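Indexing begins at 1, ligand by ligand and atom by atom, following the structure's order. Since the structure is predicted, the reported quantities are computational estimates derived from the model, not experimental observations.
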Amino acid sequence: METGIDTAEPSREDRRDEERAGLVVVKPMPFNAETPQQALARPQTPTASFYVRSNHPEPELPAATHRIAVGGAVESPFTLGMAELSRGTLRSLVVTLECAGNGRTTMAPLPEGEPWTQGALGTAVWKGVPLAEVLERARVRSDTVEILVEGADGQGSKRFARSLPLSKALHPDTLLALEMNGAPLTRAHGAPVRLLVPGWYGMASVKWVNRIEALTRPFEGHYQKEKYIYDEVNGRAPEPVTRMRVKSLITSPEEGARVAPGRVVVQGMAWSGERRVVQVEVAVDGGESWKPATLLETPRPSAWVRWAFTWEDAVAGRHTLRARATDEAGETQPEAAPWNRLGYGNNAVQVRVVNVG
Ligand SMILES: Nc1nc2c(c(=O)[nH]1)N[C@H]1C(S)=C(S)[C@@H](COP(=O)(O)O)O[C@H]1N2
Ligand SMILES: [Mo]
């Protein structure tokens, strides 16, 4: 029977459209999109809903033939295929990734850059081989200070490349990741291999890894020195953007939601770079009446923790809810994050408006 329905296998482009259907598009080309609010309420962000931040069009690297060149200040340079890499020591980690520009749109005056609201954020299970294992095989020379990891996207001086201090590169949790949420990486998230730097803002987790190089001098490329720096903050010298600042998010009730009077359960997430979150507090309406929320799981480093708070006697009308996280180093979210020219690291307490009644 002729149904008019196309039963052919979806084309690669159709599949890409599907992959992107769950996202809030910020820019179609290069593709940049936020995780939708509802997906942020889940303990792990489904890959199809996980934000995408790409500075250039996405390269397409065939897993079967792609090789990473490992060289620079090493005794034994080599190239590494994906099958060989996957025979290394595989580790799985739950890691929260947040773009350094997340929350930029609520900084004033509005900085330049992609207009991220609060959805350049997600948590996934990542599987890969420690970068340290690859560096060990290359035998990094003793005068090495940084490890450069280069992507396959962007041209010339705008090729996406970032360096890590040797200590962070050698950390056992710093992975060359091949999988996300139990499946091979999708093209948008860096297939066939990306770096994963737990606890650091997303820019460190270089997608589409092409080349790894041991450096005897600090890297000064565009994405190291001109972007991803805290620039023009009260006349201080620029500082590199590294670890994710302590932050929290209310996931329920959703923005603008209407809820019944009485008991309202407020829920959300909280995270802080490589550190554990130790406390989340909630304030109903303005002022300083912060009350402790309950952490719903044992906090782990580098991943968000879910929390809940019971708002006992919500009365009809419009109310504001705020959440504020504190980490094991005693750092707490500020009311306003330090303004900087490129609008990075906005971990200010957020205001959620809800209607009761
Ligand atoms: N090669 C390459 N890697 C990259 C980027 C990029 O533009 N090119 N963007 C970085 C930034 S700024 C972020 S926030 C994360 C986003 O990862 P995702 O798209 O998988 O969410 O990738 C990082 N890795
Ligand atoms: Mo980012």
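- Side-chain atoms of Thr123 and Arg42 include no donor-acceptor pair closer than 3.5 Å.
- Checking Thr251 against Gln37 by side-chain atom types alone, no donor-acceptor pair falls below 3.5 Å.
- Within 6.0 Å of the NZ atom in Lys291, the count of heavy atoms belonging to other residues, nucleotides or ligands does not exceed 12.
- Checked by atom type, the side-chain pair Thr216/Asp143 shows no donor-acceptor distance below 3.5 Å.
- Shortest contact from atom 9 (N) of ligand 1 to any protein heavy atom: Arg53 O, 3.2 Å.
- When each atom of ligand 1 is checked for a heavy atom of His189 under 4.0 Å away, the hits are 18 (P), 19 (O), 20 (O), 21 (O).
- Near Cys99, meaning under 4.0 Å from any of its heavy atoms, are these atoms of ligand 1: 14 (S).
- Using a cut-off of 4.0 Å between Lys/Arg side-chain N and Asp/Glu carboxylate O, Asp173 and Arg91 are scored as salt-bridged.
- Here is the list of ligand 1 atoms found below 4.0 Å of a heavy atom in Tyr228: 12 (S).
- The nearest heavy-atom contact from the protein to atom 16 (C) of ligand 1 is Tyr51 OH, 3.7 Å.
- Of all the heavy atoms of Tyr201, none lies under 4.0 Å from any atom of ligand 1, so neither backbone nor side chain is involved.
- With hydrogens left out, the protein atom closest to atom 23 (C) of ligand 1 is Gly202 O, 3.3 Å, a heavy atom.
- Hydrophobic clustering (ILVMFWY, side-chain heavy atoms < 4.5 Å, transitive): Leu61 and Val70 are in distinct clusters.
- Of all the heavy atoms of Asp153, the ones lying under 4.0 Å from any atom of ligand 1 belong exclusively to the side chain.
- If you check which protein heavy atom lies closest to atom 2 (C) of ligand 1, you get Phe160 CD2, 3.2 Å.
- Atom 11 (C) of ligand 1 has Met203 CA, 3.6 Å as its closest protein atom, hydrogens excluded (heavy atom only).
- Using a 4.0 Å cut-off to heavy atoms of Phe50, the atoms of ligand 1 that qualify are 21 (O).
- Separation of atoms CD (Glu281) and CD (Gln333) is listed at 10.0 Å; rounding is to 0.5 Å.
- The protein heavy-atom contact nearest to atom 19 (O) of ligand 1 is Lys207 NZ, 2.6 Å.
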Go through it in stages, so that I can follow the logic: the residues are Lys168 and Glu274, the test is salt bridge (charged side-chain N to carboxylate O under 4.0 Å, His left out), and I'd like the CA-CA distance, side-chain angles, deciding distance and then a yes or no. CA-CA 11 Å; Lys168 189 68 179 170; Glu274 303 96 330; 3.0 Å; yes

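- Looking at Arg194 against ligand 1, only its side chain comes within 4.0 Å, counting heavy atoms.
- Only the side chain of Trp208 comes within contact range of ligand 1, with a heavy atom under 4.0 Å; no backbone atom does.
- Lys27 has a carboxylate O that lies under 4.0 Å from a charged side-chain N of Glu114, or vice versa, which qualifies the two as a salt bridge.
- Contacts between Ser205 and ligand 1, counted as non-hydrogen atom pairs separated by less than 4.0 Å, involve the backbone only.
- Using a cutoff of 4.0 Å between basic side-chain nitrogens and carboxylate oxygens, Glu75 and Arg139 are not scored as salt-bridged.
- Between Ser54 and ligand 1, no N or O atom pair is found at a separation short of 3.5 Å.
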